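Please read the structure below before turning to the comments.
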Amino acid sequence: MHTDPLLEDLMGQLGEFGKYQLKQHILHLLTAFLAGMHMLSLSFVAPTPQHRCFIEEIDLYNSTSLAESPVFNASVLAEYIPLKLNGELDSCHKFPSQFDNSTIMSCNGQFVYDKSVYLQSRVYEWDMVCENKWQRALIQSIYVFGVFNGALIAGALSDRFGRKRILCISAVFQFVFALMGAFIPNYILYCLSLFAYGFFGSGGAYVTGFVLSMELVDKKKRTYCGTAFSASFATGVCFVALWSYLIRDVTILQVVFALHALLLFGHFWLIDESIRWLWSQGRIQEAVKIARKAARTNGRSFNNNYDSKYNAAALKMQTEENHKYGLSDLFKTPNIRFRAINTAFQWFSIALCFYGLAFNTGALPGDPYLVFFLAGFADLPGHLLVVLVVDKTGRRPLNAAFLLIGGVACVVTTFIPRGLIVTSIAMIAKIAMAGCFAVIYNYTAELFPTVIRNSAVGLCSMAARMGGMLTPQITLLDSLDKSIPTLVFGGVAIFAAFMGLFLPETLHKEMPQSLEDGENFGKGDTAFTTCCGRTPRSYGIDDLEQGQRLKK
């Protein structure tokens with residue numbers, strides 16, 4: 001079955017990318033900017049600084065300067081605190097006294113923090129270090145778990161009730177819960193607010209905004225628009241570092257992050273519903289009305305002699321496609337099912353490696369604000385590279401290449417001592433994984449039909465958030481061996497690079513519309529059939545003639 005020629009003819013009335021698409025796309029990009037800011041905000045709202053046990057002989061008489069410059073000199077503290085094998089102070093243990101170093105005891109909940117860099121932190125409030133460091137890992141995981149659910153549930157809801165409605169609802173609630181998080185003094189309530197913050201902030205709004213853009217622009221412009229989304233996310237990450245450097249009060253900093261959500265409050269009046277989604281729901285007249293408005297904005301003539309054709313199409317869709325599509329439709333047919341599982345694993349692997357690098361930039365040598373900013377800024381070269389080459393190489397090989405480079409770079413860093421070289425290799429890995437994100441968003445939108453596209457992106461985004469959710473827990477394995485987390489991140493990325501070769505190529509293909517279109521799309525097309533010189537059983541859905549060949 002081929003893409004609906006009436007719909008493609010209607011979308012053609014808008015032109016490839018005019019003033020209308022540009023204005024709508026910029027408004028959609030704000031969702032990605034906010035998602036980047038929200039996702040990494042805990043890096044400076046709850047950073048973990050250098051810390052040690054409270055030593056009465058030193059700290060009790062140094063109380064006037066304790067808040068500003070506690071002693072962390074190993075030579076001074078060696079009589080009170082045991083040293084690790086690498087010569088660093090043990091952050092979580094001490095000797096019973098200056099004269100008794102035969103036994104080692106815990107800090108008993110009394111800690112001293114190095115506040116030379118981070119004046120405030122949620123970590124200080126609840127002492128989320130040592131035996132309680134799992135609490136710090138948990139709050140990051142809970143936030144990402146909220147994103148996980150937001151991507152899944154909001155994605156399915158937007159396929160059912162519309163992209164615009166879900167985006168606007170998410171905009172309001174992300175502001176409410178982001179603001180609440182600044183003033184909650186209780187750990188459990190704070191965790192609950194973080195879940196809702198992630199659900200609406202980096203889940204509901206971002207996924208829906210992305211799909212709105214992908215369904216609006218011409219196939220020749222999808223690469224640029226999808227990459228712009230990833231670049232906007234990276235810009236949000238950079239703003240986290242900038243605001244955190246300027247504002248050291250954690251409460252005010254969180255309020256500032258929350259206020260950025262007000263940028264989406266005008267979207268109810270400023271953005272339009274997806275023409276493709278309206279068409280898939282049989283709401284033909286509404287789709288034509290928006291298309292007519294868009295053509296007028298772009299200064300193009302609009303053919304008004306389509307009413308009878310569109311009315312006939314609406315009647316046909318109401319009789320043949322009278323049920324609502326959702327997440328379950330991703331698993332009803334074999335090709336879409338395999339594609340959904342494989343693509344979800346791609347997202348999981350990319351996120352695991354990407355956030356493994358992003359969340360742990362503080363462990364890299366250098367000023368943490370500068371390193372964090374550079375790590376966010378490092379995403380931009382990856383996005384630029386995608387724009388330059390993806391329409392030449394295709395989505396499949398570039399995605400696999402980036403995953404392989406990022407995975408190998410992660411593995412290599414485990415065998416090199418800390419220093420400038422490790423930081424440089426980590427940045428290369430970060431650039432590669434950022435390029436992966438830029439590719440995979442476009443790739444996923446192109447692989448699935450309109451009726452379940454948002455559900456597919458939601459499922460994959462959910463898988464990515466699962467990767468982000470597991471990242472802090474995997475990082476805890478550094479207590480066994482500091483090389484374990486990066487080996488896990490790199491190994492998973494390398495395996496995903498191999499699995500991605502089994503997905504079909506989508507370069508210059510029309511996006512499928514119906515479930516049947518999606519099932520027939522790219523049958524038999526893998527990197528191995530291409531490399532071996534075999535002809536895939538089908539090539540996508542480019543035009544009416546090709547669609548008829550697929551149907552036969």
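Computed from heavy atoms alone, side chains included, the values below leave out hydrogens, waters and symmetry copies. Given the structure is predicted, the values throughout are model-derived calculations rather than measurements. All residue numbers in this chain count up from 1 along the given sequence.
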Tell me the closest heavy-atom pair linking [X] and [Y], and the distance in Å.
X    : Y    : result
A241 : F372 : CB-CD2, 3.7 Å
I440 : T444 : O-OG1, 2.7 Å
L447 : P504 : CD2-CG, 3.6 Å
W279 : A287 : N-CB, 4.3 Å
M433 : I350 : CE-CA, 3.7 Å
Y20  : A294 : CD2-CB, 3.3 Å

ask   = F265 and F175: aromatic ring centres closer than 6.0 Å?
value = yes
inquiry  = Quick check on the 6.0 Å ring-centre criterion: do Y369 and F44 meet it?
reply    = yes
Are side-chain heavy atoms of [X] and [Y] found at a separation under 4.5 Å?
X    : Y    : value
V237 : F373 : no
L330 : R337 : no
H38  : V147 : no
L459 : F331 : yes
L216 : L212 : no

Would you please name every residue forming a ring-ring contact (aromatic ring centres under 6.0 Å, His included) with [X], sequence neighbours left out?
X    : answer
F257 : none
F338 : none
Y143 : Y197
F33  : F239

Sequence neighbours excluded - side-chain hydrogen bond (donor to acceptor under 3.5 Å, both in side chains) pairs with any residue from residues 235-244 = W243-H260
request  = Could you tell me which residues satisfy salt bridge (Lys or Arg N to Asp or Glu O under 4.0 Å) with E215, sequence neighbours excluded, listed by chain and number?
outcome  = R163, R453
task = Could you pull out all residues at least two apart from K293 that satisfy salt bridge (Lys or Arg N to Asp or Glu O under 4.0 Å)?
result = D272
[atom1]/[X] to [atom2]/[Y] distance, rounded to the nearest 0.5 angstrom?
X    : Y    : atom1 : atom2 : value
I169 : F161 : CD1   : CZ    : 9.5 Å
R296 : K19  : CZ    : NZ    : 13.5 Å
L34  : S41  : CG    : OG    : 11.5 Å
M499 : S349 : CE    : OG    : 9.5 Å
L398 : R396 : CG    : CZ    : 12.5 Å
L263 : L29  : CG    : CG    : 12.5 Å

With sequence neighbours excluded, tell me which residues meet side chain to side chain donor-acceptor pair (under 3.5 Å) with [X].
X    : answer
T333 : E519
S232 : none
S213 : H25, H28

query = In terms of the angle between their ring planes, are F498 and F502 parallel, tilted or perpendicular, with boundaries placed at 30° and 60°?
reply = perpendicular
query = side-chain contact (heavy atoms from CB on, under 4.5 Å) between V172 and F200: does it pass, once the steps are laid out?
reply = CA-CA 8 Å; V172 173; F200 295 106; over 6 Å; no
With no hydrogens and no angle check, is any side-chain donor or acceptor of [X] less than 3.5 Å from a backbone partner on [Y]?
X    : Y    : value
K164 : I271 : yes
H267 : L27  : yes
Q24  : L270 : yes
E286 : R283 : no
Q346 : A496 : yes
T208 : A205 : no

query = When you look at I431 and L380, which way does the side-chain contact (heavy atoms from CB on, under 4.5 Å) test go after all the steps?
reply = CA-CA 8 Å; I431 291 172; L380 300 179; over 6 Å; no
Chi angles and distances behind the side-chain contact (heavy atoms from CB on, under 4.5 Å) call for T31, F229 = CA-CA 9 Å; T31 64; F229 253 81; 3.7 Å; yes
Should we say atom [atom1] of [X] is surrounded by more than 12 heavy atoms from elsewhere, each under 6.0 Å from it?
X    : atom1 : answer
F17  : CZ    : yes
F173 : CZ    : no
F377 : CZ    : no

query = Looking at T393, N399, L385, which one forms a side-chain contact (heavy atoms from CB on, under 4.5 Å) with V439?
reply = N399
Residues forming a side chain to side chain contact (heavy atoms under 4.5 Å, CB included) with V255, sequence neighbours excluded = L179, A182, F183, L259
query = Quick one: side chain to side chain contact (heavy atoms under 4.5 Å, CB included) partners of L388, sequence neighbours excluded?
reply = L384
task = Any chance you could lay out the side-chain contact (heavy atoms from CB on, under 4.5 Å) test for Q174 and L264, step after step, and finish with the verdict?
result = CA-CA 10 Å; Q174 72 170 271; L264 300 182; 3.5 Å; yes
